[in-house]
Protein chains: 2
Amino acid sequence: MTDKQTQQQELQQQERKAERHKARQQKVKAGVDAKIAAAQEEKGILLVLTGNGKGKSTAGFGTVARAVGHGKKAAVVQFIKGTWECGERTLLEGAGVEFHVMGTGFTWETQDKAKDTAAAEAAWAAAETLLKDPSVDLLLLDELTYMVSYHYLELARVLDALRNRPPMQHVVVTGRACHRDIIELADTVSEVQPIKHAFEAGIKAQPGFDY
Amino acid sequence: MTDKQTQQQELQQQERKAERHKARQQKVKAGVDAKIAAAQEEKGILLVLTGNGKGKSTAGFGTVARAVGHGKKAAVVQFIKGTWECGERTLLEGAGVEFHVMGTGFTWETQDKAKDTAAAEAAWAAAETLLKDPSVDLLLLDELTYMVSYHYLELARVLDALRNRPPMQHVVVTGRACHRDIIELADTVSEVQPIKHAFEAGIKAQPGFDY
């Protein structure tokens with residue numbers, strides 16, 4: 001076979017490869033387009049980010065950043081707040097996001113159930129007000145799940161307020177071990193699972209990254 | 001038993017409960033404190049957010065918002081960019097974050113492998129420059145995983161650049177099906193798994209929430 005013949009064969013093979021790639025991608029596009037055409041309903045989404053992995057609250061705050069970037073009104077209620085400063089808050093409050101932070105640290109820091117319950121109630125009162133306000137496009141209830149699993153808040157009250165919120169209001173709930181009834185009520189649920197974590201390998205939590 | 005006796009018994013029971021709660025929380029606190037004491041190393045973290053669930057990119061952008069809130073320098077390279085506008089970008093660019101966006105849409109939109117490869121190369125060139133710049137505290141490589149799994153970028157080049165970056169630089173890689181060698185290199189890996197998704201129930205992707 002001459003060099004020219006070899007070259008021609010290679011070219012033909014490359015063309016066939018490109019055609020096959022195009023055919024495969026056309027099939028993917030057809031599938032995606034059909035799904036987009038079928039999805040026509042608009043409504044406020046209840047998104048739950050649960051599981052033991054890193055990234056739940058961060059994704060919640062990312063959703064707030066996205067909403068603000070679109071000129072939407074967003075609010076945040078943080079149900080467990082360490083004593084560390086929180087970088088997201090600085091940026092987002094500057095962009096007009098309303099923040100309510102539960103007045104105690106992690107529950108294992110306070111070791112006082114009555115005090116924790118009172119703090120949870122106060123934070124939940126702020127959440128309930130926001131869950132009735134149709135001008136709030138997006139509400140992040142950060143670490144809400146623990147309030148239910150530690151019995152600081154009654155599940156029924158939480159479900160009622162979520163269910164009766166303005167129909168176009170999006171809500172994001174984060175935290176480990178989300179109660180199955182909240183998962184049942186949610187439209188979208190992601191479980192963040194830890195594959196590995198730097199902290200377990202002796203690496204310190206670092207400002208501007210971990211908090 | 002008189003009312004007073006009953007009352008006293010109830011009070012004692014409550015006190016015992018509070019004591020038990022305190023003891024349990026003290027144990028949790030001791031465990032957390034010991035872990036914090038053990039974790040003393042500081043270094044640039046490679047965080048991988050993978051899996052098929054919603055929230056990977058959003059957590060990536062949330063990490064960028066956090067860094068910016070702490071006055072850190074952050075940059076973003078987006079490897080797959082739809083034709084939709086991105087709310088996060090508006091907010092974060094306003095806060096001084098450098099953005100590089102791959103010049104094509106989803107790969108199933110273009111259906112042209114040569115064009116996609118060229119676009120991936122151009123975006124990767126920007127990433128490589130940022131991965132050599134110690135003034136960049138945090139770099140988000142959004143949807144990088146697809147560039148490797150679709151063979152638009154060579155795995156070895158990606159690994160080399162990640163491995164040889166400035167020692168204090170944090171990098172976040174997002175996208176489905178992250179290559180096992182990148183997971184191996186990472187310090188922290190979370191897998192976001194879909195439990196359910198509103199889109200599958202016929203609900204439209206909505207601006208300010210989904211994009």
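Naming convention: chains lettered A, B, ... in sequence-line order (proteins, then strands); numbering from 1 in each chain. Nothing here was measured: the structure is a model prediction, and the numbers come from that model.
Ranked by heavy-atom pairs under 4.5 Å with chain A, the list B:E93, B:K72, B:K43 is led by B:K43. Annotation: maximal heavy-atom pairing with chain A below 4.5 Å, among B:A67, B:G208, B:G94, occurs at B:G208. Counting heavy-atom pairs closer than 4.5 Å to chain A, the top residue among B:D137, B:I195, B:I183, B:L91 is B:I195. Note on B:G62, B:A59, B:A95: by heavy-atom pairs under 4.5 Å with chain A, the leading option is B:A59. Among B:G60, B:P194, B:A186, the residue with the largest count of heavy-atom pairs under 4.5 Å with chain A is B:A186.
Only the side chain of B:V172 comes within contact range of chain A, judged by heavy atoms closer than 4.5 Å. Contact of B:Q206 with chain A is made through the side chain alone, with heavy-atom distances under 4.5 Å. A:A65 touches chain B through backbone and side chain together, each having a heavy atom under 4.5 Å away. With a threshold of 4.5 angstrom between heavy atoms, B:K196 approaches chain A through its backbone and through its side chain.
A search for ring-ring contact (aromatic ring centres under 6.0 Å, His included) contacts involving B:F209 returns A:H170, not counting sequence neighbours.
Between B:R165 and B:D133 there is no salt bridge, since no side-chain nitrogen of the basic residue lies less than 4.0 Å from a carboxylate oxygen of the acidic one.
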Could you give the side-chain donor-acceptor pairs of residues 45-57 of chain B under 3.5 Å, partners two or more places apart or in another chain?
from  : atom 1 : to     : atom 2 : distance (Å)
B:T50 : OG1    : B:G175 : O      : 2.8
B:T50 : OG1    : B:A177 : N      : 3.3
B:T50 : OG1    : B:C178 : N      : 3.2
B:K54 : NZ     : B:D210 : OD1    : 2.8
B:K56 : NZ     : B:G51  : O      : 2.8
B:K56 : NZ     : B:G53  : O      : 2.9
B:S57 : OG     : B:D142 : OD1    : 2.6

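Under the 30°/60° scheme for interplanar angles, the aromatic rings of B:Y150 and B:Y152 are found to stand perpendicular. Relative ring orientation between A:F61 and A:F99 is described as parallel, the plane-to-plane angle staying below 30° on a 0-90° scale split at 30° and 60°.
A side-chain N or O of A:E191 and one of A:Q193 form a donor-acceptor pair less than 3.5 Å apart. Side-chain contact of A:Q12 with A:E10: a donor-acceptor pair under 3.5 Å is absent, judged by distance alone.
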